[in-house]
Number of protein chains: 2
Amino acid sequence: MNSQETESSFLENYNIHEFDIPLTSVDMTIFTIEDDTLKILLVKRAQFPSKGEWALPGGFINLKADDTLNDTVSRKLKEKTGVEISHLEQVATYGSASRDPRGWSVTISYMALISNNNITLTADESSEEVVWLPIEEIQKNYQLAFDHSTILAECYQRLKSKVQYTSLPINLLPNTFTLSELQKTFELILGYGIEKKSFRRRLLAADIIAETGEMRVGSNRPAKLYCPKSSSKEHLFQRSIEGPRE
Amino acid sequence: MNSQETESSFLENYNIHEFDIPLTSVDMTIFTIEDDTLKILLVKRAQFPSKGEWALPGGFINLKADDTLNDTVSRKLKEKTGVEISHLEQVATYGSASRDPRGWSVTISYMALISNNNITLTADESSEEVVWLPIEEIQKNYQLAFDHSTILAECYQRLKSKVQYTSLPINLLPNTFTLSELQKTFELILGYGIEKKSFRRRLLAADIIAETGEMRVGSNRPAKLYCPKSSSKEHLFQRSIEGPRE
DNA sequence: GTAATAGTGTCTATAAGACACTATTGA
DNA sequence: TCAATAGTGTCTTATAGACACTATTAC
């Protein structure tokens with residue numbers, strides 16, 4: 001190597017295509033709640049490889065259009081759901097020679113939470129069908145394309161574990177909700193019931209939601225409506241929900 | 001597209017070099033303890049770009065030699081430190097058009113913990129110097145190459161936060177240690193002192209370390225030596241260390 | 001004996017779980 | 001009135017922090 005070389009002359013002569021580099025993509029596990037069930041978004045692949053199989057939505061980085069990885073993910077999310085995402089979090093990165101038949105590939109997985117308010121799902125050229133499916137049913141009866149079953153399981157695990165010490169589930173609800181609705185959401189993800197008093201004490205002490213002044217009315221005592229205070233969609237509680245004692 | 005096409009004919013005609021894909025690398029924050037100080041490994045870059053600047057060790061995936069991302073990281077770790085790593089954990093992935101002057105690039109960051117038992121650092125063709133430096137000093141006085149200051153900060157944050165609810169610091173010590181030595185390690189990372197009784201109660205109740213029967217002798221009362229029980233290098237405590245009360 | 005560090009006994013404080021209780025609506 | 005859900009009062013339990021105490025070594 002020329003010892004007189006400068007950084008700019010080095011870069012001028014640098015050609016990325018001389019090197020063997022892996023394919024790099026993003027994949028998303030998008031959670032929502034529909035019919036009191038935790039569901040995630042799946043697409044049926046319209047193109048090879050794994051054409052016709054169910055997969056997590058995702059895709060390749062557009063080097064021209066995307067400035068950052070986050071741009072890639074936001075663009076893909078908009079394409080599929082058309083709505084603003086309430087919570088987006090990078091979960092893990094998978095890379096191997098065998099996970100994609102096209103060759104060495106790397107994928108960065110994200111978990112997204114959205115409120116199920118009037119979403120219209122839209123397929124694109126890469127997917128012929130886009131649907132919400134209950135996560136429990138996917139894990140039981142579906143074999144996803146590539147290593148997407150693993151990716152999904154890890155995102156679900158991340159969600160379950162964060163429910164124990166954060167306020168994340170607020171992001172699955174519309175902008176106003178009752179404490180009972182919020183508790184039901186926590187319980188759905190945790191997989192077990194929480195003591196009502198403990199839950200209310202915990203949420204109210206955290207000072208992360210505010211009464212709207214409105215009430216949810218029904219065929220029983222009306223419930224106070226709350227909305228999240230700013231910056232409180234990922235509050236960290238000092239202690240975890242412990243679950244029922246024996 | 002030919003509707004008769006099969007997956008195998010698709011793959012035969014697939015040429016990865018037709019696409020614009022990002023450069024993909026791994027970077028590592030390797031922690032150890034030396035002179036009662038938390039240090040990390042830095043390399044001085046021997047090649048462009050950022051030649052001569054301090055950086056985290058890392059490098060590109062070798063598509064031939066590495067089967068998985070983990071192989072890449074293990075290979076790099078061996079190259080630099082020559083020792084077995086006690087704990088290795090993926091932390092985050094960074095991707096953007098601007099983080100590397102060679103073009104759109106993605107890097108996956110890892111945090112590693114190793115015991116400081118007779119390690120011989122070895123430089124390679126990409127680094128002219130390899131050193132352990134106190135993390136506090138790096139954060140104060142060093143401007144690292146690329147976005148490595150950010151990556152380092154995020155790994156350090158991950159370590160600090162896991163110390164509160166896991167047994168991770170065991171991985172920074174040799175195979176046998178006293179409870180006082182372990183406590184000092186926790187305190188070094190947390191940045192504040194822990195109540196001795198609380199610490200011992202917590203560690204012993206977790207049942208993750210065993211008495212070796214040996215004692216550490218000095219100019220005072222000898223201390224029991226412990227070694228980690230199997231599968232206990234990342235024990236999760238139910239509650240966090242809370243720190244001093246006001 | 002003293003200095004130094006190892007190790008314990010036992011109190012308080014905090015926040016979670018349990019569970020019985022009252023409150024407010026529609027029908 | 002009753003059914004249904006909202007919301008509270010208060011006791012118990014678990015585990016962290018505080019802090020004074022005792023134990024065992026070298027000198």
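Chain identifiers are assigned alphabetically (A, B, ...) following the order of the sequence lines, protein sequences preceding nucleic acid strands; residue numbering begins at 1 within each chain. From a predicted model like this one, the values you see are computed outputs, not experimental measurements.
Residues from residues 160-167 of chain B placing a heavy atom under 4.0 Å of any atom in DNA chain D do not occur. Scanning residues 168-177 of chain A for heavy-atom distances under 4.0 Å to DNA chain D yields an empty list. Contacts of residues 239-246 of chain B with DNA chain D (heavy atom under 4.0 Å): B:Arg239, B:Ser240, B:Ile241, B:Glu242, B:Gly243, B:Pro244, B:Arg245.
Using modelled atom types and a 3.5 Å distance limit, the side chains of B:Thr212 and B:Thr176 yield no donor-acceptor pair.
Every pair passing salt bridge (charged side-chain N to carboxylate O under 4.0 Å, His left out) that includes a residue from residues 130-149 of chain A is listed here, sequence neighbours excluded: A:Arg99-A:Asp147. Pairs of residues two or more places apart, or lying in two chains, that qualify as salt bridge (charged side-chain N to carboxylate O under 4.0 Å, His left out) and include a residue from residues 196-208 of chain A are A:Asp207-A:Lys229.
With rounding to whole Å, B:Leu203 atom CG is found 14 Å from D:dA16 atom C1'. Between the P atom of D:dG17 and the CZ atom of B:Phe186 lies a distance of 12 Å, rounded to the nearest Å. As rounded to whole Å, 15 Å separates atom P of D:dA4 from atom NZ of A:Lys184. Put simply, CD on A:Glu195 is 14 Å from C1' on C:dA15, counting in whole angstrom units.
In terms of position along DNA chain D, the nucleotide closest to B:Gln238 lies nearer the 5' end than the nucleotide closest to the other residue of the pair B:Lys197 and B:Gln238.
Proximity of a side-chain donor or acceptor of A:His235 to a complementary backbone N or O of A:Ser167 within less than 3.5 Å is not detected. No donor-acceptor distance shorter than 3.5 angstrom exists from the side chain of A:Arg75 to the backbone of A:Asp66, with no hydrogens or angles considered. At least one donor-acceptor pair under 3.5 Å links the side chain of A:Thr32 to the backbone N or O of A:Ile114.
With sequence neighbours left out, A:Lys224 forms a side-chain hydrogen bond (donor to acceptor under 3.5 Å, both in side chains) with A:Glu211. The side-chain hydrogen bond (donor to acceptor under 3.5 Å, both in side chains) check on B:Gln143 picks up nothing, with sequence neighbours excluded. Judged as a side-chain hydrogen bond (donor to acceptor under 3.5 Å, both in side chains), and not counting sequence neighbours, A:Ser109 has no contacts. Under the side-chain hydrogen bond (donor to acceptor under 3.5 Å, both in side chains) criterion, A:Ser25 pairs with A:Thr107, not counting sequence neighbours. By the side-chain contact (heavy atoms from CB on, under 4.5 Å) test, A:Leu133 pairs with A:Leu42, A:Val131, A:Ile138, A:Tyr142, sequence neighbours left out.
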Distances under 3.5 Å between protein N/O atoms and the N/O atoms of nucleotides 5-7 of chain C, please, pair by pair.
residue : atom : partner  : partner atom : Å
C:dT5   : O4'  : B:Asn220 : ND2          : 2.9
C:dA6   : OP1  : B:Ser180 : OG           : 3.1
C:dA6   : OP2  : B:Ser180 : OG           : 2.9
C:dA6   : N3   : B:Arg221 : NH1          : 3.0
C:dG7   : OP1  : B:Lys224 : N            : 2.9
C:dG7   : OP2  : B:Arg200 : NH1          : 3.4
C:dG7   : N7   : B:Lys196 : NZ           : 2.5
C:dG7   : O6   : B:Lys196 : NZ           : 3.1

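Proximity of A:Arg202 to the phosphate of C:dA16: a side-chain N or O atom is located under 4.0 Å from OP1 or OP2. In this model, the phosphate group of D:dG17 is approached by a side-chain N or O of B:Ser198 to a distance below 4.0 Å at OP1 or OP2.
Heavy-atom neighbours of A:Lys184 NZ from other residues, nucleotides or ligands within 6.0 Å: at or below the threshold of 12.
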Which atom pairs, one a donor and one an acceptor, fall under 3.5 Å between side chains of residues 239-246 of chain B and the rest of the protein, sequence neighbours left out?
residue  : atom : partner  : partner atom : Å
B:Arg239 : NH2  : B:Glu242 : OE2          : 3.2

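Residue contacts for A:Arg201: at a heavy-atom cut-off of 4.0 Å it reaches a base atom on one of the strands shown.
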